[in-house]
Amino acid sequence: MNRLTNAGALDGASGWTRFPAGLNLRVDEADRGAPGRIVLKADGASAAPGQAFGVATAANAAADIRDAAVVEVSAAAAAFINGAAVAPFVRVRFVDEAGDTVMSYDLQVRRPVLERWGVAREGLRDTYFTAWARLPRPALAVAAILEAGAVAQAAGQHVEAVLLKPMVAVPPAGLSHPLLWSPGLHSAPDLQRATWPGWLREIEVGATFEPKAGRIEFDAGPGRPMSRPIASDPARKLAGRIRGDVVQRAALEAFAAGANGFWMVEPGSERLCVASWAADGAPRLSETRGALHLMDFTLWLETA
């Protein structure tokens, strides 16, 4: 589970700050972000050449990692100077009990991938730079702070740093593939939901979506029935398949028995959604290939 606070920006900018202090910090789901893909944005004017600017975890909301041997860190980021895109940096700082930096890592940042079709075709991979790493926890570190931004080239420039889907998590021992992102911790009771198990494999390509009608009929005149939408982003039915071993199968079945109305990232669009099991959608074993189990499931998804 993501140990950052409010990583999906569902609770405004709570748990986050900006640097330097003179910048504005706000959430955005209209310009750089979108519904279900809310971003944290810091912008303003640079004060000097070479000045770093960006978004960072607030000191009082640093991710607790004192029980971890290895920490997984990931984020999507973008930066702009006078409206022109520049390469951002993504950094993780490990701090001790006093809040002093024990060690700092600049993560390798990968350029956007332009795709004609495929996973995340509506946003993340062809818009944002991304970073991912698994790092050993330094001996004295008890918490981790994530920073994303860029460096101004001169004073008086309009600078903008955008952070999306940050994560600091502790991966299970032996897990080879990256964890799936989740929106992290929240103080608001309405946002405290279970999360789709992040250590499961990604849903196989070929998952199908069936939009709920979300429309109401009315009479436009004699013999002319028409309809109009009653929701701008109606619920969608996802029929998917996932692979796993017998342990993962049992964990998914236990999750389905205990959670309904949980956070999940929609495959393809990368939108954060509230998911619930369809009437006949509980995970069911469809095929066994030796130690590999294929499970089918069906969910309703509503954009958060």
Side-chain angles (χ1 to χ4, degrees), residues 1-19 25-29 33 36-42 54-78 88-97 99 101-107 109 124 128-135 137-138 141-149 161-172 175 178-199 262-265 270-273 304:
M1 180 179 179
N2 195 348
R3 299 195 177 189
L4 290 172
T5 298
N6 190 33
L10 297 168
D11 196 15
S14 174
W16 297 90
T17 188
R18 75 284 189 217
F19 59 92
L25 178 65
R26 59 183 182 273
V27 298
D28 173 24
E29 57 178 326
R37 299 194 296 265
I38 307 173
V39 302
L40 291 154
K41 181 167 71 173
V55 181
T57 311
N60 61 356
D64 189 342
I65 57 165
R66 67 189 71 221
D67 62 334
V70 175
V71 177
E72 181 170 328
V73 183
S74 64
F89 64 79
V90 177
R91 178 182 302 136
V92 59
R93 289 195 298 113
F94 293 105
V95 298
D96 58 17
E97 292 281 5
T101 301
V102 175
M103 192 170 291
S104 177
Y105 290 95
D106 282 335
L107 306 184
V109 178
L124 292 187
Y128 289 89
F129 291 75
T130 56
W132 178 89
R134 280 190 181 147
L135 305 169
R137 180 184 66 86
V142 300
I145 290 176
L146 189 66
E147 300 175 348
V162 178
L163 177 63
L164 176 64
K165 296 190 184 304
M167 183 171 72
V168 174
V170 179
L175 186 71
L179 291 168
L180 301 178
W181 179 82
S182 64
L185 310 174
H186 298 95
S187 57
D190 292 344
L191 299 177
Q192 294 176 0
R193 299 177 181 271
T195 300
W196 178 262
W199 42 265
F262 50 90
W263 300 118
M264 183 182 187
V265 175
E270 296 289 342
R271 288 179 291 189
L272 178 63
C273 297

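Counting heavy atoms from C-beta on, the side chains of Pro172 and Leu179 come closer than 4.5 Å. Considering only heavy atoms from C-beta on, Leu272 comes within 4.5 Å of Trp181 through its side chain. Between Val265 and Leu180, every side-chain heavy-atom pair lies at or beyond the 4.5 Å cut-off. Residues Tyr128 and Lys165 have side chains not in contact (no heavy-atom distance under 4.5 Å, counting atoms from C-beta outward). Two residues are said to be in side-chain contact when any heavy atoms from C-beta on lie closer than 4.5 Å; Met167 and Leu146 fail this criterion.
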Checking side-chain contact (heavy atoms from CB on, under 4.5 Å) for the pair Leu4/Thr57: CA distance, chi angles, key distance, verdict? CA-CA 8 Å; Leu4 290 172; Thr57 311; 3.8 Å; yes

Is there a side-chain contact (heavy atoms from CB on, under 4.5 Å) between Thr130 and Val109 once you walk through the steps? CA-CA 6 Å; Thr130 56; Val109 178; over 6 Å; no

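Listed here is the closest heavy atom pair of Val170 and Ala68: CG2-CB, 3.5 Å. Residue Val71 comes nearest to Phe94 through the heavy atom pair CG2-CE2, 4.2 Å, listed as atom of the first residue, atom of the second, then distance. Scanning all heavy atoms of the two residues, the minimum distance from Leu40 to Gly12 falls at CD2-O, 4.2 Å. The two atoms that bring Lys41 and Val55 nearest to each other are C-CG2, 4.4 Å, heavy atoms only. Here the shortest heavy-atom pairing between Gly184 and Met1 reads O-CE, 3.8 Å. Residues Ala148 and Ala77 approach most closely at CB-CB, 4.0 Å, considering heavy atoms.
Using cut-offs of 30° and 60° on the angle between ring planes, the pair His186 and Trp263 is tilted.
In this structure, CD1 on Ile65 lies 13.0 Å from CD on Glu72, to the nearest 0.5 angstrom. In this structure, Asn60 CG and Thr5 OG1 are separated by 8.0 Å, a value rounded to the nearest 0.5 Å. The CG atom of Leu164 sits 8.0 Å away from the CZ atom of Arg37 when rounded to the nearest 0.5 Å. Taking CG of Leu185 as the start and CD of Gln192 as the end, the distance is 9.0 Å to the nearest 0.5 Å.
For Asn2 (side chain) and Pro166 (main-chain N/O), a donor-acceptor pair under 3.5 Å exists by modelled atom type. Side chain of Trp16 to main chain of Ala9: no donor-acceptor pair is present (N/O by atom type, distance under 3.5 Å, no hydrogens or angles). For Arg93 (side chain) and Ile145 (main-chain N/O), no donor-acceptor pair under 3.5 Å exists by modelled atom type. With hydrogens and angles ignored, the 3.5 Å screen pairs no side-chain donor or acceptor of Asp96 with any backbone N or O of Val102. A donor-acceptor contact shorter than 3.5 Å is absent between the side chain of Asp11 and the backbone of Asn6. For the pair Thr17 (side chain) and Ala58 (backbone), a donor-acceptor distance under 3.5 Å is absent.
Residues Glu97 and Arg66 are paired through a salt bridge, judged by an N-O separation under 4.0 Å between the basic side chain and the carboxylate.
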